[in-house]
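When reading the values below, keep in mind they use all heavy atoms of this one structure, side chains included, and skip hydrogens, waters and symmetry mates.
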Amino acid sequence: MTDNKNTRTFSSLVVDGMERAPSRAMLHAVGFTNEDFKKPQIGIASTWSMVTPCNMHINKLADEVAKGVNIANGKAVIFNTITISDGISMGTEGMKYSLVSREVIADSIETVIGCQGFDGVVAIGGCDKNMPGCMMAIARLNRPAIFVYGGTILPGCHKNQKLDVVSVFEAVGARANNKIDDAELAEIEAKAIPGAGSCGGMYTANTMASAIEALGMSLPNSSAQAAVSEDKKLDCERAGAAVLNLLEKGILPSDIMTKEAFENAITVVIALGGSTNAVLHILAMANASKVDITLDDFTRIGKRVPMLADLKPSGRYQMAELIEIGGIQPLMKMLLDKGLLHGECLTVTGKTLAENLADVKPYPIDQDMIHDLEHPIKKDSHLVVLYGNLASEGSVAKITGKEGLCFTGFAKVFDAEEQALQAILNGEIVKGDVIVIRYEGPKGGPGMREMLSPTSAIMGKGLGKEVALITDGRFSGGTHGFVVGHITPEAFVGGALAIVENGDEITIDAENNLLSLHVNEHEIARRLEKWQQPAPRYTRGVLAKYAKLVNSASLGAVTDN
């Protein structure tokens, strides 16, 4: 039982030799044959669940991956990990578990692979936290691995307008503003999500799938295939075979996930106008890879990389429409040709990024979804890292330019997301307000909830250019408007956000990268001296554990630091 020993580094320890007979006996019961014990074992981490449409089809995709592994003379073993739904839990206390789930996914995949002695890994993710969670586990394990994206959803339709989940959140604001009635809200609700797949714009799921492909850890075009499509099935089968190729060649994630590869991922996220969550997740993935990526790398790269994609939430198009014109591969070829990507980076094909892109054809001439580099939507990054007396360790703004580059207004302070949402829906927020939502950070929430409900309500109310929102929480990839999140230090640990008072003047300056509270230093010091840390909101269970272990959002909000 020592055939292919060089590709069975881990499984041989579990199944080879007389003393491993009990292990083999248990594996016979789950379908192993004597021949299977001679093959490299590939763990297939499936995030299947009926919790959310993002993941409801992934069990079938896992079967396709297993087919590819088995045809390539490996032995596939499918196992599950959890998923939660941001879209369903958004705006509730349950959303505090969302970012926590990224850590649970990473820990659970690491646990199964490490325990069972799998020689390689294929991980399949759908909803937002699945992707970085899978990648963090892959980085920690450092065994030959590939990530497969579950794929994007197809758009819904209402009155000849394409819909997605954000359409429903914004319709709530429109209903509160009496722009639509109850019947139309119900129609939009019923039509927005037509089936399986991740949320349809360049929101967090599609952003992270694109980032991972640019990183080199997915097969070319894995990020740009509909969830329910023959292309996605084929992507899965190919991934199953490709991981065996990585085993044969001895290519490890650490060979692929280098500093330059992470820079490629950041570059593509910026060009696509991707989610602010990419900052948090790329920092976490780099940390797991022992690669030095910081907030300032986003600023450095953002000065030379323009935003090119006219994709939702701030733009007009959905991921399904980008798929129709070629996905992100032609964009990456454009960036490579202009010297904005590191073409020498190795990928899971066993080839370099430049080799993968060599024969990629350009976008159709008549498309207007992806702008050329000479006519960008924004000449530099939409992801703007701001510092200042409100964010001495940094914060992340999403500034596309459509909302302007500077905003000064007066604070309306809320100690929880729900309070802010009710104030918006009740008409208490007016032009010139800066909504401050605090105690929603990694420790304070705990869990750093996304603020899609209040930001969508602002848009639905028609206040998108007239008010701003800042928070130590974070934002959904579906958020747009004048927003700043990830403010660090967070309020719960005594950051300056904790002592902002109603009526304080605040400036968001994306030209000079500043987030400023216009209160003198003496007064800030006086308020901080009086401030007392609130009692933890959770004292038992997973949220309490997370709050004790998690580090700052400026470092990725990871728990294994």
Considering all heavy atoms of both residues, which atom of Gly197 and which atom of Ala227 are nearest to each other, and what is their separation?
CA-CB, 3.5 Å
Heavy atoms only: give me the nearest Ser381-Ile270 pair and the separation to one decimal.
OG-CG1, 3.4 Å
Pair up each side-chain donor or acceptor in residues 537-544 with any protein partner under 3.5 Å, not counting sequence neighbours, and list the distances.
unit_1: Arg537; atom_1: NH1; unit_2: Tyr439; atom_2: O; d: 3.2
unit_1: Arg537; atom_1: NH2; unit_2: Asp415; atom_2: O; d: 3.0
unit_1: Tyr538; atom_1: OH; unit_2: Glu93; atom_2: OE2; d: 2.6

Between the side chains of Ser49 and Thr83, does any donor sit under 3.5 Å from an acceptor?
no
Do Leu497 and Leu390 have side chains that get closer than 4.5 Å, going by heavy atoms?
yes
Glu529 with Arg526: basic N within carboxylate O range, under 4.0 Å
no
Give, for atom CZ of Arg438 and atom CD of Glu440, the distance between the pair rounded to the nearest 0.5 Å.
12.0 Å
pair Ser210-Met319: side-chain heavy atoms closer than 4.5 Å:
yes
Kindly say whether Asp292 contributes a backbone atom to a donor-acceptor pair with the side chain of Lys259 at under 3.5 angstrom?
yes
Tell me which pairs pass salt bridge (charged side-chain N to carboxylate O under 4.0 Å, His left out) where either residue lies in residues 546-561, with sequence neighbours left out.
Arg140-Asp560
To the nearest 0.5 Å, atom NE2 of His382 lies from atom OG1 of Thr400 at 8.5 Å
Would you call Arg449 and Glu418 a salt bridge, taking side-chain N to carboxylate O under 4.0 Å as the test?
yes
Determine yes or no for a side-chain-to-main-chain donor-acceptor pair under 3.5 angstrom, with Lys96 supplying the side chain and Gly445 the backbone.
yes
Check the pair Ser98, Arg474 against side-chain hydrogen bond (donor to acceptor under 3.5 Å, both in side chains), reporting the backbone distance first and the verdict last.
CA-CA 11 Å; Ser98 170; Arg474 58 196 175 92; 3.1 Å; yes
Side-chain atoms of residues 421-435: list all donor-acceptor pairs with protein atoms under 3.5 Å, sequence neighbours left out, distances to 0.1 Å.
unit_1: Asn426; atom_1: ND2; unit_2: Gln422; atom_2: O; d: 3.1
unit_1: Asp433; atom_1: OD2; unit_2: Lys412; atom_2: NZ; d: 3.0
unit_1: Asp433; atom_1: OD2; unit_2: Val430; atom_2: N; d: 2.8

With rounding to the nearest 0.5 angstrom, report the CZ to CG distance, Phe475 to Leu452.
10.5 Å
Under a 3.5 Å distance rule, please check whether Glu260 uses its side chain to pair with a backbone N or O of His342 as donor and acceptor.
no
Stepwise side-chain hydrogen bond (donor to acceptor under 3.5 Å, both in side chains) check, Asn206 with Tyr149
CA-CA 9 Å; Asn206 283 319; Tyr149 180 37; 2.7 Å; yes
Hey, are the side chains of Leu272 and Thr207 touching, using non-hydrogen atoms and a 4.5 Å cut-off?
no
Are the charged groups of Glu263 and Arg300 less than 4.0 angstrom apart, N to O?
yes
Student check: side-chain heavy atoms of Pro489 and Ser552 closer than 4.5 Å
no
Smallest heavy-atom separation, Arg143 atom then Gly114 atom, equals NH2-CA, 4.0 Å
Would a 4.5 Å heavy-atom cut-off, applied to side chains only, mark Lys461 and Val467 as touching?
no
Heavy atoms, side chains only, cut-off 4.5 Å: are Met208 and Met285 in contact?
yes
State, yes or no, whether a side-chain contact exists between Ile212 and Met135 at a heavy-atom distance under 4.5 Å.
yes
Can a donor-acceptor pair be found, under 3.5 Å and without considering hydrogens, that links the side chain of Lys398 to the backbone of Val483?
no
Under the side-chain contact (heavy atoms from CB on, under 4.5 Å) rule, what do Asn513 and Val385 come out as? Steps first, then yes or no, please.
CA-CA 6 Å; Asn513 293 12; Val385 177; 5.6 Å; no
Go through Ile82 and Ser101 one step at a time and tell me if the side-chain contact (heavy atoms from CB on, under 4.5 Å) criterion holds.
CA-CA 8 Å; Ile82 67 153; Ser101 78; 4.1 Å; yes
Once rounded to the nearest 0.5 Å, what's the spacing between atom CZ of Phe414 and atom CG of Leu469?
9.5 Å
Can you name the closest pair of heavy atoms from Ala145 and Met217 and give their distance?
O-CE, 3.5 Å
Hey, is the main chain of Phe147 close enough, under 3.5 Å, to the side chain of Ser218 for a donor-acceptor pair?
yes
Looking at OG of Ser554 and CD of Glu490, how far apart are the two atoms once the value is rounded to the nearest 0.5 Å?
10.0 Å
Any donor and acceptor pair, going by atom type alone, linking the side chain of Ser395 with main-chain N or O of Leu386 inside 3.5 Å?
yes
Going by the rule side-chain hydrogen bond (donor to acceptor under 3.5 Å, both in side chains), which residues pair with Ser254 if we only count those two or more places apart in sequence or in a different chain?
Asn142
side-chain contact (heavy atoms from CB on, under 4.5 Å) evaluation trace for Phe298 with Ile282
CA-CA 10 Å; Phe298 287 84; Ile282 287 174; 4.0 Å; yes
Hey, does the side chain of Asn264 reach the backbone of Leu215 with a donor-acceptor pair shorter than 3.5 angstrom?
no
Between Thr488 (side chain) and Gly394 (backbone), is there a donor-acceptor pair under 3.5 Å?
yes
Do any pairs count as a salt bridge (charged side-chain N to carboxylate O under 4.0 Å, His left out) and have a residue in residues 495-515, sequence neighbours left out, and if so which ones?
Glu501-Arg527, Asp504-Arg527
Closest non-hydrogen atoms of Ile124 and Ile58, given as atom of the first, atom of the second and distance, are CG2-CG2, 3.8 Å
Does Asn80 reach the main-chain N or O of Trp48 with its side chain, forming a donor-acceptor pair under 3.5 Å?
yes
Atom of Ile105, atom of Cys134 and distance for their closest heavy-atom approach
CG2-N, 4.0 Å
Can you list the steps and then say if Thr471 with Ile487 is a side-chain contact (heavy atoms from CB on, under 4.5 Å)?
CA-CA 6 Å; Thr471 180; Ile487 292 175; 5.8 Å; no
Using modelled atom types and a 3.5 Å cut-off, is there a donor and acceptor pairing between side-chain atoms of Asn502 and backbone atoms of Val413?
yes
State, with a plain yes or no, whether a side-chain heavy atom of Asp164 is found less than 4.5 Å away from one of Cys199.
no
Quick test of your reading: applying salt bridge (charged side-chain N to carboxylate O under 4.0 Å, His left out), list the pairs with at least one residue in residues 122-131, sequence neighbours left out, ordered by first then second residue.
Asp86-Lys129, Lys129-Glu450
Would you indicate whether Lys465, at its atom NZ, is surrounded by more than 12 heavy atoms from other residues, nucleotides or ligands within a distance under 6.0 Å?
no
Reported OG1-to-NE2 distance for the pair Thr276 and His486, which is rounded to 0.5 angstrom:
4.5 Å
